[in-house]
Participant: 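The structure follows.
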4 protein chains.
Amino acid sequence: MGLRVIKAPTRGPDDLGPLGALEAIGLAPESVVAMVAKSEGNGCVNDFSRTLAAYVWGSVLPASAITVVSGGTEGVLSPHVTLFADDASQAATGLVAAVGRTAAVPYPELGRAAHARLVAEEVGRLVGSLGVSPAAVRLVLVKTPLLTSEKVSACLAAGTPAVATDTYESMACSRRAAALGIALALGECNQEQLDAGLAGDARIWSSVASVSSGAELEDCHILVLACHPSGGSLRARHVVMKDALDLPAVAGMLSAIEEEGGRLIQLFAKVEADATGSVRGRRHTMLTDSDIHSTRHARAAVGGMLAGLVGDGCLYVSAGAEGQGPAGGGPVTAIYEVSA
Amino acid sequence: MGLRVIKAPTRGPDDLGPLGALEAIGLAPESVVAMVAKSEGNGCVNDFSRTLAAYVWGSVLPASAITVVSGGTEGVLSPHVTLFADDASQAATGLVAAVGRTAAVPYPELGRAAHARLVAEEVGRLVGSLGVSPAAVRLVLVKTPLLTSEKVSACLAAGTPAVATDTYESMACSRRAAALGIALALGECNQEQLDAGLAGDARIWSSVASVSSGAELEDCHILVLACHPSGGSLRARHVVMKDALDLPAVAGMLSAIEEEGGRLIQLFAKVEADATGSVRGRRHTMLTDSDIHSTRHARAAVGGMLAGLVGDGCLYVSAGAEGQGPAGGGPVTAIYEVSA
Amino acid sequence: MGLRVIKAPTRGPDDLGPLGALEAIGLAPESVVAMVAKSEGNGCVNDFSRTLAAYVWGSVLPASAITVVSGGTEGVLSPHVTLFADDASQAATGLVAAVGRTAAVPYPELGRAAHARLVAEEVGRLVGSLGVSPAAVRLVLVKTPLLTSEKVSACLAAGTPAVATDTYESMACSRRAAALGIALALGECNQEQLDAGLAGDARIWSSVASVSSGAELEDCHILVLACHPSGGSLRARHVVMKDALDLPAVAGMLSAIEEEGGRLIQLFAKVEADATGSVRGRRHTMLTDSDIHSTRHARAAVGGMLAGLVGDGCLYVSAGAEGQGPAGGGPVTAIYEVSA
Amino acid sequence: MGLRVIKAPTRGPDDLGPLGALEAIGLAPESVVAMVAKSEGNGCVNDFSRTLAAYVWGSVLPASAITVVSGGTEGVLSPHVTLFADDASQAATGLVAAVGRTAAVPYPELGRAAHARLVAEEVGRLVGSLGVSPAAVRLVLVKTPLLTSEKVSACLAAGTPAVATDTYESMACSRRAAALGIALALGECNQEQLDAGLAGDARIWSSVASVSSGAELEDCHILVLACHPSGGSLRARHVVMKDALDLPAVAGMLSAIEEEGGRLIQLFAKVEADATGSVRGRRHTMLTDSDIHSTRHARAAVGGMLAGLVGDGCLYVSAGAEGQGPAGGGPVTAIYEVSA
């Protein structure tokens with residue numbers, strides 16, 4: 001049984017067209033273990049494109065499959081779906097994936113230590129199930145909940161103020177907790193550092209985490225992707241952008257892939273607006289723009305850079321990189337295929 | 001007398017700090033012939049950052065100087081000012097510039113043939129005054145008016161419906177007319193082609209035009225920049241991006257500059273959302289996003305790509321490239337300096 | 001068989017909770033003839049809250065039922081659903097409703113005469129089926145399609161330029177055509193006037209039309225609501241606001257209802273930003289705000305006024321009143337119940 | 001010397017047209033003590049319409065005059081200026097005003113007790129200077145600073161984390177501190193209650209405060225308006241809306257004014273999105289809308305209600321009512337004139 005990774009564009013959040021691409025390689029919807037999409041909403045609190053996609057795909061995929069829909073295809077980014085599927089006709093393909101879901105995250109614990117622990121335990125379990133070392137992991141993709149006005153009020157009524165009263169800010173807290181849980185599970189930090197990270201220490205981060213947040217779920221959906229020594233033509237690399245202008249880091253990875261004769265299938269990138277208000281000493285205005293949230297700005301800008309590099313807008317570029325790469329930067333994972 | 005080109009960041013639309021950079025090379029505000037800025041508004045109809053910058057700078061610059069303030073520093077783009085100044089202590093520097101203003105554009109003629117003609121005549125005059133051939137021109141930068149609700153109503157009352165009733169759309173019409181006027185003046189099209197361009201033929205365009213539109217003026221402010229055979233250390237190149245992913249075109253120009261030993265001073269780029277709704281076959285959502293206008297998306301995306309290439313967010317990236325480069329693409333001019 | 005009208009709040013676009021309110025009066029989902037909702041998207045082109053609601057409700061309602069989801073609950077407006085249901089246990093209730101759908105609107109005809117004709121024919125048929133005169137009609141609610149980038153391109157490829165290339169503007173054209181079709185069917189205008197209305201004559205309008213536009217459908221969904229002489233406790237009145245400040249008109253209608261001892265069930269209002277750029281001589285900025293579309297402004301403002309009058313944010317306030325009431329104003333229909 | 005209050009529309013943030021209205025009653029710019037405006041920006045962090053208006057008016061008004069520019073004319077609200085001027089030709093007019101400015105608010109103290117104290121002291125001084133009791137005060141209008149990204153970073157660098165890292169949230173903290181300072185000065189709360197209010201207790205508030213926040217100043221500009229027993233034809237009343245639907249409270253005040261034979265000159269209202277996420281049990285979506293900030297929603301909605309009541313969009317409606325009236329509601333002050 002080998003993993004297959006397929007990328008296909010969508011005509012809207014409710015477009016199941018990518019199932020045709022799956023069928024074209026002889027696979028049925030039941031083979032899907034993870035559906036990872038970029039949909040065309042604002043990627044913020046009230047992004048119903050995510051909910052719509054999760055609904056429609058949930059009706060055709062097996063119950064065991066996870067769905068990670070990340071909103072926001074600003075600029076040249078293009079709505080699409082990446083399907084991870086098990087192909088019984090294939091031997092090992094070089095990459096392995098495991099997926100799982102945590103218990104529902106209690107609202108008062110969202111963004112806090114218990115939330116990180118839930119994620120860490122599930123990631124640990126998934127890595128173990130793959131029989132690989134943490135060093136072989138190339139990507140841990142997580143969808144994590146957020147707090148709506150109603151949930152913030154419920155927390156208050158229950159006697160535990162929510163981690164954030166601002167609904168948009170709750171997305172950042174949720175991403176940070178999940179990312180630090182990943183870092184803990186992979187040995188990128190210890191418990192003490194995790195606590196520091198939750199308290200705001202931006203030096204604690206994972207180099208393979210990609211976490212996005214949404215109102216369409218109550219638990220965390222997790223995908224762990226790793227290289228497997230058994231070999232095959234599918235491969236993955238990862239690199240960490242040090243800031244939003246770090247084109248050379250990604251260009252270097254793409255060159256290495258090219259040297260291997262690899263054909264790029266997909267990039268997974270996390271990006272963010274530098275919290276200091278500047279990038280390489282140049283003031284940016286993403287944090288003072290009250291018309292457009294900074295996550296939208298960041299996706300558009302870094303998405304434009306990455307799409308320019310690979311000549312394709314169908315990239316998984318997700319914003320809000322708390323605990324994912326260094327402050328202002330973010331991890332990038334490439335999945336590619338070499339000739340057999 | 002030699003032209004100097006200085007770029008300096010700003011702390012806000014009303015920041016005159018760049019005058020300090022001018023002073024540092026021994027020049028007074030009176031030496032400025034053109035102030036070209038990116039300010040941090042939305043770059044659309046109600047962008048008062050442009051008006052504010054024009055006000056504040058207008059109070060310190062000579063009456064003969066033109067001000068071109070382009071709104072919108074989305075993503076990693078950074079607010080800044082580029083000053084073009086005459087330096088009496090210098091001999092020819094390799095680049096020459098001429099600036100001028102048209103008469104006020106009558107509202108009913110905005111975006112129409114008479115508007116294009118006004119621009120063409122002034123550009124022609126300016127090129128002539130520089131004593132260079134059209135082929136030596138590297139950049140024609142224009143600020144052109146737009147129509148507010150009041151002006152649209154005034155047109156209607158006067159019996160000539162405005163070129164567009166939507167105020168945001170009037171910006172596009174105004175840019176197109178001015179750009180085609182430039183193309184005509186430089187021999188990039190003839191009168192018949194200009195008319196076709198005004199009627200929507202996207203194959204008629206200039207390769208050195210950069211036009212932005214704003215509510216802060218009634219006439220057109222024009223800067224013509226050209227290489228001059230007399231020599232010097234300042235130089236300029238231009239290239240045309242064929243679409244919003246055309247990183248190779250710009251990378252090629254930057255490589256050529258590097259081979260000359262050049263140090264980049266500034267990039268001037270025009271960008272736009274492809275009107276077909278896709279880029280290289282990938283659907284984009286810039287034209288169906290009713291929360292953010294497509295010009296903001298396009299600046300963020302292509303700005304991110306260009307800033308990644310040069311490692312600096314202080315770039316002049318302006319959106320809405322009607323008549324400026326091919327559909328979906330846009331011209332890019334680089335000003336750089338080589339060691340003497 | 002009597003018509004019942006039930007209003008219930010929703011927790012999100014996918015909340016089927018209102019079915020509980022239906023069940024509470026002994027009715028099953030199969031009894032529903034029309035679901036009319038306000039959902040919490042932007043109400044513009046990329047409003048996926050509409051699609052989500054239509055998708056979820058479509059799975060539980062009978063195929064004959066129509067769904068009209070209007071996006072945008074700005075300000076104090078509150079997401080909710082109004083269900084029109086047939087109650088077999090009831091005799092005539094005073095109001096009657098008929099629903100229908102047109103054929104799909106061909107893209108090149110959207111916003112044009114053929115589109116208006118499709119609507120006029122179906123409205124005429126529905127009024128006839130109710131056995132009432134046009135004068136008895138209190139509300140004609142229509143959901144009509146819009147043009148996406150893809151559809152605009154398809155029109156161009158097919159040789160007939162779309163009625164509008166701007167996707168947001170296509171919504172207005174679509175609303176106008178449908179509203180004028182209603183006016184024609186009800187004898188509020190003749191064919192010649194309809195043509196004038198399509199050409200922009202704002203003096204041609206219906207006093208009972210309420211049309212909204214969305215990407216979630218290809219045909220038009222239509223609800224005709226009328227008073228029926230057979231009597232009963234359900235009633236409806238309508239009034240036309242002359243502009244966005246016309247509180248007295250609505251207050252007068254509410255007073256009349258109060259005098260009848262009526263209990264308000266729901267208001268259906270159409271609103272818009274005055275195209276002249278001012279209301280009663282005061283300049284408004286809804287048409288020059290490039291950050292928020294004017295339809296969002298108008299819903300928030302008039303919705304706030306109406307909600308203040310009735311003390312309830314669950315009102316059907318829809319924006320874009322082309323052909324619906326006079327320029328800058330719009331029709332308002334009230335459904336209420338008097339004691340038996 | 002008598003106070004005159006004049007309201008005049010503006011054609012843009014830089015329109016000095018209202019000086020003409022002043023001149024029409026025989027007064028020069030030097031007579032102005034306070035310029036209070038609504039300008040057409042987003043009213044949030046990057047609202048340069050405020051800066052532009054402050055810049056232009058600052059150049060013509062006496063140095064002693066204060067300028068309070070509140071951004072945001074959503075919906076039917078209309079940009080305008082209200083001028084408070086001293087008329088030497090008049091005896092007492094019934095209303096008196098005093099204006100002042102605090103010292104600059106140190107960034108780390110913004111939104112905290114020291115900030116409230118600065119305001120309290122100046123308000124106390126101004127009330128004393130008028131020779132009236134706190135009960136005679138009808139309005140205390142304050143413009144207070146906010147934190148930009150740079151200032152947030154400066155706080156961190158200085159060792160005292162800013163009251164909020166989110167720039168938009170800093171506006172709310174700043175308004176709350178200033179409003180509580182007003183409440184303290186007028187005896188509406190004591191020091192202990194002020195501290196509780198700063199800590200989030202929404203039961204501590206002023207009934208005459210109107211505070212807005214902006215990036216265009218570093219200190220606080222304050223206007224105190226009071227009734228004076230010496231008599232005259234100018235009068236003021238105030239009322240507190242209990243929530244965003246409290247039309248009856250304002251209607252009652254307007255009726256009382258009408259009974260006095262009063263002609264309304266201006267309304268000053270503070271409004272906000274209820275933090276619980278609902279108004280009178282109906283969910284609102286102002287706090288989960290990531291495309292439009294809740295202050296813009298609230299101004300549009302309550303502004304629409306108030307403008308409908310008085311038939312005029314030139315009203316001073318400002319959003320963010322922290323410490324100003326009860327949670328979800330806000331104070332409203334009316335200035336009117338009775339026949340002599």
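Within every chain, numbering begins at 1; the chains are lettered A, B, ... in the order of the sequence lines, protein sequences first and strands thereafter.
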Participant: Looking at A:Pro79, A:Gly281, A:Gly41, which makes the most heavy-atom pairs under 4.5 Å with chain B?
Facilitator: A:Pro79
Participant: With a 4.5 angstrom heavy-atom cut-off, could you sort out which part of A:Ala307 is near chain B: side chain, backbone, both or neither?
Facilitator: both
Participant: For chain B and chain A, what donor-acceptor pairs lie under 3.5 Å, backbone included?
Facilitator:
unit_1	atom_1	unit_2	atom_2	d
B:Thr10	O	A:Arg283	NE	3.2
B:Thr10	O	A:Arg283	NH2	2.9
B:Glu40	OE1	A:Arg283	NH1	2.9
B:Glu40	OE2	A:Arg283	NH1	3.4
B:Glu40	OE2	A:Arg283	NH2	2.8
B:Thr73	O	A:Thr285	OG1	3.3
B:Thr73	OG1	A:Thr285	OG1	3.1
B:Gly75	N	A:His297	ND1	3.0
B:Ser78	OG	A:Arg283	N	3.4
B:Ser78	OG	A:Arg283	O	2.6
B:Arg282	NE	A:Asp312	OD1	2.8
B:Arg282	NH2	A:Asp312	OD2	3.0
B:Arg283	N	A:Ser78	OG	3.4
B:Arg283	O	A:Ser78	OG	2.6
B:Arg283	NE	A:Thr10	O	3.2
B:Arg283	NH1	A:Glu40	OE1	3.0
B:Arg283	NH1	A:Glu40	OE2	3.3
B:Arg283	NH2	A:Thr10	O	3.0
B:Arg283	NH2	A:Glu40	OE2	2.7
B:Thr285	OG1	A:Thr73	O	3.2
B:Thr285	OG1	A:Thr73	OG1	3.1
B:Asp289	OD2	A:Arg296	NH2	3.0
B:Arg296	NH2	A:Asp289	OD2	2.9
B:His297	ND1	A:Gly75	N	3.0
B:Asp312	OD1	A:Arg282	NE	2.7
B:Asp312	OD2	A:Arg282	NH2	3.1

Participant: I'd like to check A:Leu306 versus B:Met305 (side-chain heavy atoms, cut-off strictly below 4.5 Å). Are they in contact?
Facilitator: no
Participant: Mind ranking B:Ala273, B:Gly311, B:Gly308 by heavy-atom pairs under 4.5 Å with chain A and telling me who comes out on top?
Facilitator: B:Gly308
Participant: Show the nearest heavy-atom pair for residues A:Ala300 and B:Ala300, with the distance to one decimal.
Facilitator: CB-CB, 3.5 Å
Participant: What distance do B:Leu309 atom CG and A:Leu309 atom CG have between them, rounded to the nearest 0.5 Å?
Facilitator: 7.5 Å
Participant: Heavy-atom distance under 4.5 Å to chain B: side chain of A:Leu77, backbone, both or neither?
Facilitator: backbone
Participant: So which part of B:Val302 gets closer than 4.5 Å to some heavy atom of chain A, the side chain, the backbone, both or neither?
Facilitator: neither
